[in-house]
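All of these numbers come straight from a predicted model, not from anything done at the bench.
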Amino acid sequence: MQEFIAKHRERIAGTLSGFDRLVFRGHLRSIGHPQGMMNYLWTNQILLKNFGNHVEKVTERLKEASFAEAKSCGRPVIYLNSSQVNKETIARNILAKDGLGSGLVCMLSCVEPCRKFEIYRNRLTKKLELQLRPGKCLFLYHYQIHPVFGFLNARIQTWFPFSIQICLNGREWLARQMQAADLDYLQQDNCFPWIANWAKAQRLMDRQLKTKWPKVLNGIARQLNPIHAEIFRKHPISYYWSTYQHEWALDVIFQKATDLRHFYPRWINHAMTTFSSPDVMRFLGKRITVSGQLRQNFSGEVISDFKRRAEGVRVKHSVNGNSVKLYDKAYTPKGSVLRAEATFHNGDDFRVYRRKEGDRKGPRTWRRLRRGVADLHRRAQLSHKAAARYLDAFATVDDFTTLDQLLQHLEQPRQWRGRRVRALRPLADDRALLSAINHGEFAINGFRNRDLRVIFFPQTTDDKKELRRRSAWISRKLRLLRAHALINKITGTHRYQLTSTGRKTIVAILSALRSTVAQLTPVTAQLTAAAA
């Protein structure tokens with residue numbers, strides 16, 4: 001992110017990084033399986049043959065208690081014939097019509113697929129069994145203006161085991177924070193083209209990471225099911241909260257809409273023609289081999305695509321349910337928003353430094369990232385780094401230097417420590433060399449002589465003379481690159497890294513070489529028309 005900001009500092013009004021969409025799910029884990037549910041029934045002295053009557057009565061009581069709030073404040077309760085109806089649109093229209101500033105907006109209900117407990121008669125044993133099966137039941141949706149989070153929705157399954165989902169937006173939340181802090185802003189949809197003090201807004205957004213989620217989410221759950229304590233009076237249980245989905249948005253606000261409109265098509269073209277699968281893996285924190293290839297045990301799929309929206313084009317790269325994407329969010333006279341976004345659905349490949357679950361005094365070590373809200377802070381760190389790496393990848397896109405100028409500069413001999421060094425041949429002999437040092441895995445830690453040897457000499461050998469020959473050949477290539485100011489040596493190490501000039505030059509050359517004639521023709525036509 002810092003490279004991108006430095007590149008466009010004069011054009012940028014501010015930045016904002018934090019949560020966008022957040023979806024939490026609550027589960028009563030102790031009764032989320034047949035044996036746990038059997039324990040609940042045993043505690044309440046309910047026979048399996050009476051299970052149906054019991055849960056129907058509990059469901060009716062839950063619905064009555066949940067509807068009571070809407071009736072008491074005169075808010076609409078609407079039954080939907082289809083679960084495919086856009087519920088948020090209905091709620092937003094009601095909100096716009098009634099102009100509410102707080103409290104319940106409306107309640108919607110519909111029958112949706114779920115997993116619920118049912119009694120099954122086993123023909124072999126001739127006994128009743130309790131099973132958790134796919135089925136359908138009524139779901140209740142509460143849309144409200146929350147005093148902390150602003151506009152949000154929460155739903156509850158009205159049949160055991162009463163699963164809950166709560167969806168809120170970090171930008172809506174920030175708007176409430178800025179109102180409380182008397183900080184002026186302009187909001188469009190879920191982004192802010194202008195804020196009076198960007199640094200103060202970022203500090204407010206950083207506070208969101210310190211939220212005590214179980215306490216806050218339990219408060220919303222009590223509104224969905226006011227009789228929870230009564231239902232589980234003899235068998236007390238509480239919800240386990242997990243992060244079902246989270247989006248982390250890194251917004252860069254340009255002062256002039258013309259600047260964003262000018263650069264954005266070039267960034268989109270760069271993303272679609274330059275980023276390879278290893279690059280996308282690196283953005284999302286995945287490991288790749290030293291040679292720049294995907295690991296053999298990788299079992300997923302790397303997908304890049306773009307989508308045309310009313311506002312413009314959105315480009316997206318995803319790996320196993322996790323993704324990064326770039327899109328232009330808003331154009332206003334006060335500012336225009338470029339958004340880099342990271343979305344994590346699958347945390348199986350990531351680690352968090354924590355104690356073993358349930359062992360509060362045990363040693364900390366790197367363990368698998370959990371879905372539970374306890375690890376949400378780590379998800380935020382990973383998401384921010386992914387979005388920042390992705391945004392920095394666009395810092396190399398240059399709009400003023402022509403490819404011909406870059407090539408002319410490289411295709412001249414240089415002097416390096418008193419010795420003449422030949423010209424580079426980027427479109428011929430040295431193309432493979434430029435491609436090698438541009439591998440995604442070298443972007444963070446740089447590369448060594450031995451790293452390039454693996455790429456150019458994949459066949460291993462124990463011959464010491466041959467090893468020295470290979471090492472010397474790579475050393476000459478490194479000297480050539482250093483003489484042309486494409487790389488520099490990291491002080492105190494044997495590693496090298498691309499210079500800003502090197503990164504810009506190599507990306508421009510490789511982008512041109514990977515572009516198709518169809519992609520280049522419109523650009524040529526535009527340049528010809530401009531010259532005429």
K.L.:
Is the shortest distance from a Lys or Arg side-chain nitrogen in R61 or E230 to a carboxylate oxygen in the other one below 4.0 Å?
P.N.:
yes

K.L.:
With a 4.0 Å cut-off, would you call K329 and D251 a salt bridge?
P.N.:
no

K.L.:
Measure the shortest side-chain to side-chain distance between L48 and Y120 over non-hydrogen atoms and say whether it is less than 4.5 angstrom.
P.N.:
no

K.L.:
On the six-membered ring of Y244, is R25 placed so that its NZ or CZ lies under 6.0 angstrom from the centre and within 45° of the ring axis?
P.N.:
yes

K.L.:
Does the side chain of R176 come within less than 4.5 Å of F149's, by heavy atoms?
P.N.:
no

K.L.:
Tell me whether the centres of the aromatic rings in F350 and W366 are closer together than 6.0 Å.
P.N.:
no

K.L.:
Assess R133 against F117: is NZ or CZ under 6.0 Å from the centre of the six-membered ring, and within 45 degrees of the ring's axis?
P.N.:
no

K.L.:
Salt-bridged, R339 to D328, with N to O below 4.0 Å?
P.N.:
no

K.L.:
Between E112 and R155, does at least one N-O distance fall below 4.0 Å, as a salt bridge requires?
P.N.:
yes

K.L.:
Does any non-hydrogen side-chain atom of M107 lie less than 4.5 Å from one of S66?
P.N.:
yes

K.L.:
Using a strict 4.0 Å threshold on nitrogen-to-oxygen distance, state whether D189 and R171 make a salt bridge.
P.N.:
no

K.L.:
Tell me, yes or no, whether the heavy-atom count around Q45 atom CD, taken from other residues, nucleotides or ligands under 6.0 Å, exceeds 12.
P.N.:
yes

